[in-house]
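Fair warning: this is a prediction, and the values are worked out from it, not measured in the lab. Here is how names work: the chains are called A, B, and so on, in the same order as the sequence lines, proteins then strands, and each is numbered from 1.
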Number of protein chains: 2
Amino acid sequence: MKFFRMTNQREVILEEIGRYKGHPTADLLYERIKKKLPHISLATVYRNLEILSEVGKIRKLEISGRQKRFDRELKEHNHIYCLQCHRIDNIHMVSEQMLASGSEKEIGYKISGCRIEFFGICPECQRKNKPQKQNESADSHVTCKLNTRQREVLAALESYTTPCTGKDIAAMTSLEAAQVSCQLASLKKKGLVASPARWKYKITKAGKDAL
Amino acid sequence: MKFFRMTNQREVILEEIGRYKGHPTADLLYERIKKKLPHISLATVYRNLEILSEVGKIRKLEISGRQKRFDRELKEHNHIYCLQCHRIDNIHMVSEQMLASGSEKEIGYKISGCRIEFFGICPECQRKNKPQKQNESADSHVTCKLNTRQREVLAALESYTTPCTGKDIAAMTSLEAAQVSCQLASLKKKGLVASPARWKYKITKAGKDAL
DNA sequence: CCTTGACATAGTAATTATTACTAATTATTT
DNA sequence: AAATAATTAGTAATAATTACTATGTCAAGG
Ligand SMILES: [Mn+2]
Ligand SMILES: [Mn+2]
Ligand SMILES: [Zn+2]
Ligand SMILES: [Zn+2]
């Protein structure tokens, strides 16, 4: 494992976040830190803000579509931001209560919405994470049924909701039309694609599983 | 008001989002649209995705710290994304229910968290939005009590939680130390800053209001 | 028809925030 | 002290998005 050194730069960065009320951006902090460490580099500030948030000394705040911000407050809390001036304030209630009650008065915001994002590990990634020992066997075992061309065709089909033609697929992939129709035929035989209408193809449940 | 023309480019963009299952990014859509309109420009795709989401024909999805994505589904729903591969899926329950019940099985994600962001208009912006007619009077009325130097000093003080010295403020602003101490004295007389200890200054409630 | 002005476009340049790279520096372990 | 590991400043590069510019399209109104 990697050893974490509390360097002078890191101490000053931490101190400056602590001194600052609110949710400063990396460049704002840089401007301030420069006053104390005139030779520090912006890259150092960025790198250390990242590292400090990884080791849990600060929190990284990623508000959608905006610059990252950093937070000295480690207690669990949510945030509210202004659509107009983009300032960010703390909020200490949970969503439902919040929206229901008239407690918006408390912080003075006129609330127009709320974005909720869950995150975690998707089924595919969970599957990918499991096998660690059988590197080569896994590869040869799973792919023995699908060659790269078939896989490419299947992947292309998977991303469409409506049935599409071989030409469509050829356009989406690096394959030629002839190659595509050849692969489609073979995939259809295996039951991985279906043809709801002449020249129209669509991935099947089995096809999705095979991917 | 601005007139919205449904151009060919816009039709193709809309159609391609509709055909695509999931939450495509601008560049992915561009790659596909190019197959149909080889001369379209990436800037046109970006511009129109923005406009189409403004007029409500699609939804813009801004997942924190990542590329924007677009969604043909207009019904109200939330999203879940994978920390590892960054794929995004729909989710149709509300936060609390979701986390409580074991319904994560349903979508197969291993949920590790949830980000909640409220947004709206902050008190300051609400205030700023009100006066529209008295442009010049507002300016002269509010600022008659605070000159730019005082305002600068006050703003610097406001952003600190701990009391700080005149030197601190001088470092943060474009002002010289002498100027700062002169302004601090005058601000203190007006009750806009307090001095909890010799050489240490701190903004007062009145000072915050004056800003 | 022909002009006028609003809207849109392709192509490109510029911007912004962030990350990657590199050689030098500093701290830690042997 | 020498070897190793972590960190740094400075700079280059990247990625996504937006701004700019000259050109093109279209729908009235005379
Ligand atoms: Mn906070
Ligand atoms: Mn969706
Ligand atoms: Zn995943
Ligand atoms: Zn605001």
Side-chain angles (χ1 to χ4, degrees), chain A residues 1-17 23-55 57-71 81 85-88, chain B residues 1-17 23-55 57-71 81 85-88:
Chain A
M1 198 195 284
K2 220 175 157 185
F3 196 80
F4 174 85
R5 286 185 194 157
M6 184 48 94
T7 61
N8 188 224
Q9 285 90 333
R10 285 174 185 174
E11 252 163 22
V12 174
I13 291 171
L14 261 182
E15 188 192 315
E16 208 59 29
I17 297 179
H23 305 92
T25 56
D27 61 321
L28 194 147
L29 286 168
Y30 172 60
E31 287 308 316
R32 300 197 162 190
I33 291 162
K34 251 198 316 200
K35 304 278 159 68
K36 294 198 177 165
L37 301 175
H39 295 302
I40 201 169
S41 129
L42 177 58
T44 300
V45 172
Y46 266 105
R47 184 165 25 78
N48 285 321
L49 285 171
E50 192 62 42
I51 290 170
L52 287 169
S53 74
E54 267 166 27
V55 302
K57 296 212 178 282
I58 59 175
R59 276 184 59 183
K60 184 167 62 172
L61 224 77
E62 302 181 281
I63 297 292
S64 304
R66 313 231 97 238
Q67 241 177 111
K68 288 180 188 161
R69 289 172 176 273
F70 297 87
D71 197 340
Y81 73 96
C85 69
H86 308 295
R87 68 173 284 164
I88 297 177
Chain B
M1 201 196 282
K2 219 172 157 184
F3 197 80
F4 173 85
R5 284 191 196 147
M6 185 48 96
T7 60
N8 188 226
Q9 285 89 335
R10 285 175 185 173
E11 253 163 21
V12 174
I13 290 171
L14 261 181
E15 187 192 317
E16 208 58 30
I17 296 180
H23 306 91
T25 57
D27 61 321
L28 194 148
L29 285 168
Y30 172 61
E31 286 307 318
R32 299 199 162 188
I33 291 163
K34 252 197 318 200
K35 303 276 160 66
K36 295 200 174 162
L37 301 175
H39 294 300
I40 201 168
S41 127
L42 176 58
T44 301
V45 173
Y46 266 106
R47 185 166 23 78
N48 285 322
L49 286 171
E50 193 63 41
I51 290 170
L52 288 168
S53 74
E54 268 166 29
V55 302
K57 296 210 179 286
I58 59 174
R59 275 182 61 182
K60 184 168 64 174
L61 226 78
E62 302 181 281
I63 297 291
S64 304
R66 311 230 99 238
Q67 240 176 116
K68 288 179 187 159
R69 290 172 175 272
F70 298 87
D71 196 340
Y81 72 95
C85 70
H86 308 294
R87 68 173 284 164
I88 296 178

Side chains of A:Y30 and A:T44 in contact at under 4.5 Å (non-hydrogen atoms): no

Would you kindly give the CG-to-P distance between A:L37 and D:dG10, to the nearest whole Å? 12 Å

Distance check needed: D:dA19 C1' versus B:R47 CZ, whole Å only. 11 Å

Audit row: A:Y81, A:H23, side-chain contact (heavy atoms from CB on, under 4.5 Å) steps and yes/no: CA-CA 11 Å; A:Y81 73 96; A:H23 305 92; over 6 Å; no

Measure the distance from CD1 on B:I40 to P on D:dT25 and round it to the nearest whole Å. 15 Å

B:F4 atom CZ is separated from D:dC26 atom C1', nearest whole Å, by 15 Å

At a cut-off of 3.5 Å, list every protein nitrogen or oxygen paired with a nitrogen or oxygen from nucleotides 11-18 of chain D, distance to 0.1 Å.
from   : atom 1 : to    : atom 2 : distance (Å)
D:dA16 : OP1    : B:Q67 : NE2    : 2.9
D:dT17 : OP1    : B:K68 : N      : 2.8
D:dT17 : OP2    : B:Y46 : OH     : 2.6
D:dT18 : OP1    : B:K68 : NZ     : 3.3

Starting at CZ of B:R5 and ending at C1' of D:dT25, how long is that distance when rounded to a whole Å? 7 Å

Do A:I88 and A:D71 come close enough that some side-chain heavy atom pair is under 4.5 Å? no

Side chains of B:F70 and B:L52 in contact at under 4.5 Å (non-hydrogen atoms): no

Rounded to whole Å, please give me the gap between CG in A:N48 and C1' in C:dT18. 15 Å

D:dT8 OP1/OP2 closer than 4.0 Å to side-chain N/O of A:T7: yes

Given atom CE of B:M6 and atom P of C:dA8, what is their separation to the nearest angstrom? 11 Å

I want to check something: taking the side chain as every heavy atom from C-beta on, are B:T25 and B:K68 in contact at a cut-off of under 4.5 Å? no

Quick test of your reading: applying salt bridge (Lys or Arg N to Asp or Glu O under 4.0 Å), list the pairs with at least one residue in residues 33-50 of chain B, sequence neighbours left out, ordered by first then second residue. B:E15-B:K36, B:E16-B:K36, B:E31-B:K34, B:E50-B:K60

A:K2 has a side chain; which of D:dA9, D:dT7, C:dT9 sits nearest to it? D:dT7

Gap between atoms CZ and P, on A:F3 and C:dT26 respectively (whole Å): 19 Å

